[in-house]
> 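Could you have a look at this structure, given as structure tokens, before my questions?
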Amino acid sequence: VTPSARVGGEPLRAYMLHKEKGVDLKIASSSVILEKFVELTGSMLFGVLGLALLISIPGLALKFKLIFGLVLLFGFFILITFYYRSITGKGSFSSLFLFFRLNRIARWKNFVSVITSVDSRLQQFFLNNKREFFGAFFTYFLYVILVFFEFMFLLLWLGVDITFGF
């Protein structure tokens with residue numbers, strides 16, 4: 001159903017929230033986008049930690065470290081651009097929709113108002129719900145730490161030495 005393990009099923013999730021739970025499609029879409037934004041931001045921050053660890057490994061090729069750093073930099077650029085366009089009311093999704101002229105497709109003309117509404121809801125959330133945003137981010141941070149320990153204990157159970165060189 002989804003193209004990958006962590007990305008790709010967002011439209012389906014929004015639709016299922018709408019169909020199964022009766023959540024307004026605009027609210028469901030906004031919720032799914034916010035969840036993915038929090039997840040990607042957290043992943044990028046953990047990526048920075050990973051980059052710091054990679055830099056400290058002397059035998060690892062400099063080219064690999066640079067590529068990893070550039071990918072992180074590009075990811076941060078995308079996230080910051082999305083956030084900036086959201087809080088300034090320029091809208092990321094509606095702008096892309098109009099840029100690629102998807103509003104000229106007959107079946108998608110009515111979709112412009114939905115996307116504009118989602119962009120507006122994202123702006124309202126980012127501006128008015130900072131506490132909830134950071135709470136969601138903190139929850140994601142705790143989740144990643146718990147997953148780390150889960151894998152650590154699984155590897156220990158399998159007899160794999162995971163001393164991390166300390």
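Positions are given from 1, in the same order as the sequence printed here. Computed over heavy atoms, backbone and side chain alike; hydrogens, waters and symmetry mates excluded. Everything numeric here is computed off the predicted structure, so don't read it as measured data.
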> So, the side chain of Ser95 versus the backbone of Lys90: is there a donor-acceptor pair under 3.5 Å, distance only?
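A pair under 3.5 Å: yes.
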
> Taking ring-ring contact (aromatic ring centres under 6.0 Å, His included) as the test, write out the residues that go with Phe138, two or more places apart.
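For Phe138 there are no ring-ring contact (aromatic ring centres under 6.0 Å, His included) partners, ignoring immediate neighbours.
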
> Just by distance, do the side chain of Lys65 and the backbone of Ile57 share a donor-acceptor pair under 3.5 Å?
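Yes, the answer is positive, given that a donor and an acceptor are paired below the 3.5 Å cut-off.
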
> Looking only at non-hydrogen atoms, find the nearest pair between Phe82 and Ser92 and report the distance.
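Closest heavy-atom pair between Phe82 and Ser92: CD1-OG, 3.3 Å.
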
> When rounded to the nearest 0.5 angstrom, what is the spacing between CG in Leu73 and CG in Leu51?
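Reported value, rounded in 0.5 Å steps: 10.5 Å.
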
> Atom CG of Leu34 and atom CZ of Arg121: how far apart are they, to the nearest 0.5 Å?
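Nearest 0.5 Å value for the CG-CZ distance: 11.5 Å.
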
> What pairs with Val144 under side-chain contact (heavy atoms from CB on, under 4.5 Å), at least two apart in sequence or on another chain?
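So Val144 forms a side-chain contact (heavy atoms from CB on, under 4.5 Å) with Phe46, Tyr140.
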
> Show every donor-acceptor pair shorter than 3.5 Å between a side-chain atom in residues 14-28 and any protein atom, with sequence neighbours excluded, or say none if there are none.
residue : atom : partner : partner atom : Å
His18   : ND1  : Val23   : O            : 2.9
Asp24   : OD2  : Lys26   : N            : 3.4

> Please tabulate, for side-chain N and O atoms in residues 104-118, each donor-acceptor pair with protein atoms closer than 3.5 Å (sequence neighbours left out).
residue : atom : partner : partner atom : Å
Ser113  : OG   : Asn110  : O            : 3.1
Thr116  : OG1  : Val112  : O            : 2.8

> Starting from Leu62, walk the hydrophobic network (Ile, Leu, Val, Met, Phe, Trp, Tyr; side-chain heavy atoms closer than 4.5 Å) and list everyone else you reach, by chain and number.
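Besides Leu62, the cluster holds Leu66.
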
> List the atom of Ser86, the atom of Phe126, and the distance in Å for their closest heavy-atom pair.
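Looks like CB-CD1, 3.7 Å.
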
> Which heavy atom of Leu122 sits nearest to which heavy atom of Ile33, and what is that distance?
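In this case the closest contact between Leu122 and Ile33 is CD1-CG2, 3.8 Å.
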
> Would you say Phe74 and Leu70 make side-chain contact, with heavy atoms under 4.5 Å?
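Not in contact.
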
> Going only through I, L, V, M, F, W and Y residues with side-chain contacts under 4.5 Å, is there a path from Tyr143 to Phe151?
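Looking at the clustering, Phe151 is in the same group as Tyr143.
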
> Should Val48 and Leu40 be counted in the same cluster of Ile, Leu, Val, Met, Phe, Trp and Tyr side chains packed under 4.5 Å apart?
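As far as the 4.5 Å side-chain criterion goes, Leu40 and Val48 are connected within one cluster.
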
> Do Phe149 and Leu154 belong to the same hydrophobic cluster, where Ile, Leu, Val, Met, Phe, Trp and Tyr are linked whenever their side-chain heavy atoms lie under 4.5 Å apart, directly or via other members?
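In one cluster with Phe149: Leu154, yes.
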
> Quick one: ring-ring contact (aromatic ring centres under 6.0 Å, His included) partners of Phe125, sequence neighbours excluded?
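Not a single residue meets the ring-ring contact (aromatic ring centres under 6.0 Å, His included) criterion with Phe125.
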
> Hey, quick one: are Val160 and Val147 part of the same hydrophobic cluster, counting side-chain heavy atoms closer than 4.5 Å, chains of contacts allowed?
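In one cluster with Val160: Val147, yes.
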
> Got Leu45 and Phe141 here, is their nearest side-chain heavy-atom distance under 4.5 Å?
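They are not in side-chain contact.
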
> Taking all non-hydrogen atoms of both residues into account, name the closest pair between Leu79 and Met44 and its distance.
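Minimum heavy-atom contact is CD1-CG, 3.6 Å.
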
> Between Val32 and Lys36, is any pair of side-chain heavy atoms under 4.5 Å apart?
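No. Closest side-chain heavy atoms not under 4.5 Å.
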
> Quick check on the hydrophobic clustering: are Phe137 and Ile80 connected, directly or via other members, by side-chain heavy-atom contacts under 4.5 Å?
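Looking at the clustering, Ile80 is in a separate group from Phe137.
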
> Which heavy atom of Leu60 sits nearest to which heavy atom of Leu54, and what is that distance?
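Closest approach of Leu60 to Leu54, heavy atoms only: CD2-CD2, 3.3 Å.
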
